[in-house]
Asks: 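One structure, as structure tokens, below. Some questions next.
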Amino acid sequence: MHEAQLSRRLGQKKRLLEAEEPGSDLHGAPTPSPTEPRLGRPASLGPQRSLYFSSSKSCSARLGSEFFDQPAVALAQAFLGQVLVRRLDDGTELRGRIVETEAYVGPEDEAAHSRGGRQTPRNRGMFMKPGTLYVYVIYGMYFCMNVSSRGDGACVLLRALEPLGGLETMRQLRSALRKGTAGRALKDRELCSGPSKLCQALAIDKSFDQRDLAADTAVWMERSALGASEPAVVAAARVGIGQAGEWAQKPLRFYVRGSPWVSVVDRAAEQSTQSGPLASVCSHEAF
DNA sequence: GAGTCGATTTGCT
DNA sequence: GCAAATCGACTCG
């Protein structure tokens with residue numbers, strides 16, 4: 001039963017990916033200009049969108065270009081608490097609150113793909129307008145999802161989400177891509193606690209590279225409905241960038257203190273990061 | 001719970 | 001030819 005089940009799941013996944021973006025050109029040929037909103041657009045984005053007309057009842061205020069137009073460090077912090085939404089081809093909406101990010105500040109950042117001003121076909125999204133997605137393949141089998149920020153070659157990596165909606169679909173998507181262990185059901189905490197895990201859970205692949213998060217119909221970001229309370233943020237060293245010299249040590253990873261959804265907890269950094277809403281992390285202007 | 005290791009393929013030098 | 005912004009399985013204590 002396993003084999004049949006797995007291959008069926010895989011087939012399902014494949015279809016999902018292939019059938020992405022109805023109406024816009026497929027083939028993963030990313031269009032620099034956003035696809036125009038059309039049917040199936042989220043309710044929050046009306047033709048005459050009055051974003052704040054949703055004063056209290058609707059929490060779905062889609063974030064626009066102006067939000068993404070801030071420096072990488074500021075954007076990485078601003079992302080915390082916001083909600084990433086992925087609308088599948090069948091209309092299913094998958095939602096997750098962002099709890100962990102990393103800032104890659106541009107050509108001077110030795111750990112960034114844009115270090116030294118390198119611009120290649122792969123990392124082109126990093127140099128496009130703020131809000132552009134940069135999705136790349138890592139270790140031959142995983143994806144990582146970044147959002148371009150203000151500044152050439154600067155972006156923010158999304159590392160972990162608190163799953164809010166569509167958890168069963170996320171579980172299916174994640175399980176379908178794991179081999180050998182089709183039996184065990186993934187815990188909620190295993191769904192989006194890592195940059196590639198969240199891509200799997202939201203069915204984000206290379207075809208999302210260079211899409212515009214402010215305009216796309218299949219993926220967008222919404223302002224948090226978290227009320228007045230800002231999350232307490234920890235600033236820690238980034239993950240997985242071993243020998244990038246001094247840049248490996250800089251506290252450019254940000255996560256919500258105490259959140260069980262974070263991928264890697266750094267106790268030492270928590271000690272040295274003061275508690276309190278966005279305390280101390282705002283002092284990295286030098287980057 | 002922490003540490004180790006193999007998987008797997010793309011993109012860059 | 002090689003490193004890689006990762007993950008999951010496995011082992012050990």
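Since we're looking at a predicted model, the values are computed, not measured.
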Asks: How is A:M145 classified with respect to the nucleic acid when contacts are heavy atoms under 4.0 Å: base, sugar-phosphate, or nothing?
Replies: nothing
Asks: Test your reading of the model: is there a side-chain donor-acceptor pair from A:S272 to the backbone of A:A269, 3.5 Å cut-off?
Replies: yes
Asks: When you compare the ring of A:Y139 with the six-membered ring of C:dT6's base, are the centres less than 5.5 Å apart and the planes under 30° from each other?
Replies: yes
Asks: Does C:dC7 have its OP1 or OP2 closer than 4.0 Å to a side-chain nitrogen or oxygen of A:R174?
Replies: no
Asks: Do NZ/NE/NH1/NH2 and the carboxylate oxygens of A:K197 and A:E190 come within less than 4.0 Å?
Replies: no
Asks: Within the 4.5 Å heavy-atom criterion, are A:F143 and A:V137 side-chain neighbours or not?
Replies: yes
Asks: Between A:V264 and A:R253, what is the shortest heavy-atom contact and its length?
Replies: O-NH1, 2.7 Å
Asks: Using whole Å, report how far CG of A:D266 lies from P of C:dA5.
Replies: 19 Å
Asks: With both distances kept under 3.5 Å, what pairs with B:dT8, Watson-Crick or G-U wobble?
Replies: none
Asks: Which whole-number value in Å describes the distance from A:L191 CG to C:dT6 P?
Replies: 19 Å
Asks: Within the 4.0 Å heavy-atom criterion, would you say A:L157 contacts the bases, only the backbone, or no part of the nucleic acid?
Replies: base
Asks: What is the separation between atom NE2 on A:H113 and atom P on B:dT13, rounded to the nearest whole Å?
Replies: 12 Å
Asks: Does C:dA5 have A:Y104 stacked on its base, where the ring centres are within less than 5.5 Å and the planes differ by under 30°?
Replies: yes
Asks: Which nucleotide wins on minimum distance to the side chain of A:T120, given the candidates B:dG11, C:dT6, C:dA5?
Replies: B:dG11
Asks: Could you please name the option among C:dG8, C:dT6, B:dA7 that lies closest to any side-chain atom of A:M141?
Replies: B:dA7
Asks: A:I241 CD1 to C:dA5 P: how many Å, rounded?
Replies: 8 Å
Asks: Atom OH of A:Y142 and atom C1' of B:dT9: how far apart are they, to the nearest Å?
Replies: 13 Å
Asks: What is the distance, rounded to the nearest whole Å, between atom CZ of A:R267 and atom C1' of B:dG1?
Replies: 12 Å
Asks: Whole-Å distance between C:dT6 P and A:D205 CG?
Replies: 19 Å
Asks: Choose from B:dG11, C:dT6, C:dA5 the nucleotide whose nearest atom is closest to any side-chain atom of A:Y136.
Replies: C:dA5
Asks: Taking the side chain as every heavy atom from C-beta outward, state whether A:N123 and A:Y136 have any pair of such atoms under 4.5 Å apart.
Replies: no
Asks: Under a 4.0 Å threshold between the charged nitrogen and the carboxylate oxygen, would A:K250 count as salt-bridged to A:D109?
Replies: no
Asks: Report yes if at least one side-chain N or O of A:K206 is closer than 4.0 Å to OP1 or OP2 of B:dT10; otherwise report no.
Replies: no
Asks: Between C1' on B:dG11 and CZ on A:R124, what's the gap in Å once rounded to a whole number?
Replies: 17 Å
Asks: Using a heavy-atom cut-off of 4.0 Å across all strands, would you classify A:R122 as base, sugar-phosphate, or nothing?
Replies: sugar-phosphate
Asks: Can you tell me which nucleotide in C:dC7, B:dG11, C:dA4 comes closest to the side chain of A:I138?
Replies: C:dA4
Asks: Return no unless some side-chain N or O of A:R118 is found under 4.0 Å from OP1 or OP2 of B:dT13.
Replies: yes
